[in-house]
Amino acid sequence: MKALFRIFMACAAIALIGFMFFNTPRENEPLKGPNANSNIIPKTELKQPEMGATTRPKSGMSTLIGQEAKVVLEKYGEPVRKEPSSYGYDWWIYNTRSSTFFMVGVDNNVVTQVYIAGEDLDASPFKVGQKRDDIYRMTIIDYEVTANVGENIFIFSMSEEDMQTRLLVKFDGLFAQLYIDRETSELQGIRFTNSETLVLHQPYEMTYQGELVTSTPPSSFLQQEINVANAAQLDDLINVTRVYHDLPALEIDESIEEVAKMHSEDMKVQNFLGHESPTNGDLKKRLETQGIEYSEANENLATDYFDAIEAMHGWLNSPEHRKVILNDKYTTVGSGVFLNYYTQIFLEPSSQKLDSENKDSEEPEENIDESSP
């Protein structure tokens, strides 16, 4: 009898430990973007790199740069969303399908940049899915790239990491940032941009001569809209990434979005970077406070990226964050952004919720008499 009692107690302890483990959110280290350590150095005299620019592509979506916005409308129709940015331009979002996902930056009715993540789009001379070695064979690439804005000279210096995952290529009057997946060595996204927008973003260590090009800080009201826009773009980008890797898209949950938004703001206001808030607790407590049920939860955090595109590619090239993004257990996501603090929460639904959803889907539909007037 005592032996049976001991076995029962051991099984109960194992079950309790299992419940606590599987119902406890997983955590990984927050990610700090390369912009956190980028230096902006003024010089009275600069020696420009000798390498010139590659001939500008004559076809593909890069040809939109510098054209009036009506050209985009004529070719692709109205965007699904138009959203403000921190740099004065608006993002036009085309997210109907992952394979044709792209974003267009429009400033004063002129296209200033195009971001391409859909593998069915013409990103000549590049293509989503292209191997890094192939890019190096066909493209002139150097550690330093010069951009001119008026009489001002800007020289961007790439690190070893940038040369592997965030290449900068110069064309005549055009630049391309190439976002490469470290694990697969495949091109995941292409950002074509003009020189002024590149300088506004300051994506690499930069030396300059002349006047620094900057944007006007947005009002507090506009900043709220920008935060919402960046969160929506994170939602788009996570699903584009998952579909590309043959995983199902995640459902966007507004209640999880609220938890993520609150945590991003909390990190900025209370000046910390981590999963546990001094006032609101860890992810488990934050989800419980909002009454959100789940079987497993995880959270990706980042800061010091200049926009959602950079943050998503940063996460994808971090092994721990990548595991979360490409985990097939998760079915639901919520993103929240406050200034340059990014939070994305992933959930596997609770068994009770799954049972309820399955039951609802199995209920017979009501018969409707369509012959009635």
Side-chain angles (χ1 to χ4, degrees), residues 31-49 53 65 84-91 103 105-108 110-115 141-171 173-180 189-218 222-223 226-227 229-230 233-234 268 273 302-315 317 337-342:
L31 194 64
K32 296 195 84 172
N35 295 55
N37 301 316
S38 294
N39 295 315
I40 310 300
I41 306 169
K43 295 282 188 180
T44 55
E45 186 175 349
L46 279 179
K47 182 180 179 181
Q48 298 191 41
I65 306 298
S85 76
S86 300
Y87 300 95
Y89 56 80
D90 289 333
W91 277 120
M103 298 164 57
V106 177
D107 189 7
N108 291 320
V110 174
V111 177
T112 61
Q113 63 181 312
V114 178
Y115 171 75
I141 297 172
D142 198 7
Y143 283 95
E144 291 189 334
V145 176
T146 304
N148 297 87
V149 180
E151 299 297 320
N152 308 303
I153 303 170
F154 303 88
I155 299 179
F156 296 99
S157 301
M158 284 182 282
S159 66
E160 290 290 343
E161 174 69 14
D162 293 330
M163 295 295 284
Q164 295 298 312
T165 62
R166 247 182 7 135
L167 293 171
L168 180 61
V169 179
K170 182 178 181 179
F171 297 93
L174 178 73
F175 297 86
Q177 277 186 276
L178 308 180
Y179 298 98
I180 299 172
I190 305 103
R191 188 200 302 252
F192 291 107
T193 177
N194 63 15
S195 58
E196 184 171 357
T197 305
L198 179 67
V199 173
L200 282 175
H201 290 164
Q202 299 176 7
Y204 309 92
E205 185 169 300
M206 187 177 81
T207 306
Y208 71 96
Q209 179 181 322
E211 295 184 9
L212 186 61
V213 179
T214 58
S215 57
T216 303
L222 180 58
Q223 185 61 59
I226 294 169
N227 294 339
N230 281 328
Q233 290 163 27
L234 281 182
K268 172 62 178 177
L273 181 63
T303 190
D304 293 321
Y305 288 94
F306 68 80
D307 66 7
I309 294 169
E310 289 267 326
M312 181 54 65
H313 285 290
W315 279 332
N317 278 327
V337 179
F338 188 80
L339 298 176
N340 65 344
Y341 285 81
Y342 302 85

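Just so it is clear, the structure is predicted and the values come from calculations on it, not from any experiment. These numbers come from the heavy atoms of this one structure, side chains and all, not from hydrogens, waters or symmetry mates. Throughout, residue positions are numbered sequentially from 1 according to the sequence presented.
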- Message: Once rounded to the nearest 0.5 Å, what's the spacing between atom CG of Leu167 and atom CD1 of Ile190?
- Response: 11.5 Å
- Query: Are Tyr208 and Gln202 linked by a side-chain donor-acceptor pair shorter than 3.5 Å?
  - Reply: no
- For Gln113, what residues pass the side chain to side chain donor-acceptor pair (under 3.5 Å) criterion, not counting sequence neighbours? Tyr89, Arg191
- Query: Rounded to the nearest 0.5 Å, how far apart are CD of Gln177 and NE2 of His313?
  - Reply: 10.0 Å
- Can you pull the salt bridge (Lys or Arg N to Asp or Glu O under 4.0 Å) pairs that have at least one residue in residues 193-202, sequence neighbours excluded? none
- Asn227 side chain vs Leu339 backbone, donor-acceptor pair below 3.5 Å: yes
- For Phe171, the ring-ring contact (aromatic ring centres under 6.0 Å, His included) test, sequence neighbours excluded, returns none
- Test log, rule side-chain contact (heavy atoms from CB on, under 4.5 Å), inputs Met163 and Ile141: CA-CA 9 Å; Met163 295 295 284; Ile141 297 172; 3.7 Å; yes
- Item | CZ on Phe175 to OG1 on Thr146, rounded to 0.5 Å | 8.0 Å
- Item | Side chain proximity check, Lys170 to Asp142, heavy atoms < 4.5 angstrom | no
- Between OH on residue Tyr115 and CD1 on residue Ile309, distance to nearest 0.5 Å: 5.5 Å
- Query: Does Thr303 use its side chain to pair, donor to acceptor, with the backbone of Lys32 at less than 3.5 Å?
  - Reply: no
- Query: For Asp162, what residues pass the salt bridge (Lys or Arg N to Asp or Glu O under 4.0 Å) criterion, not counting sequence neighbours?
  - Reply: Arg166
- Message: Return the CH2 to CG distance between Trp91 and Asp307, rounded to the nearest 0.5 Å.
- Response: 6.5 Å
- Item | All side chain to side chain donor-acceptor pair (under 3.5 Å) counterparts of Thr197, not counting sequence neighbours | Asn194
- Task: With sequence neighbours excluded, tell me which residues meet salt bridge (Lys or Arg N to Asp or Glu O under 4.0 Å) with Glu161.
- Result: Arg182
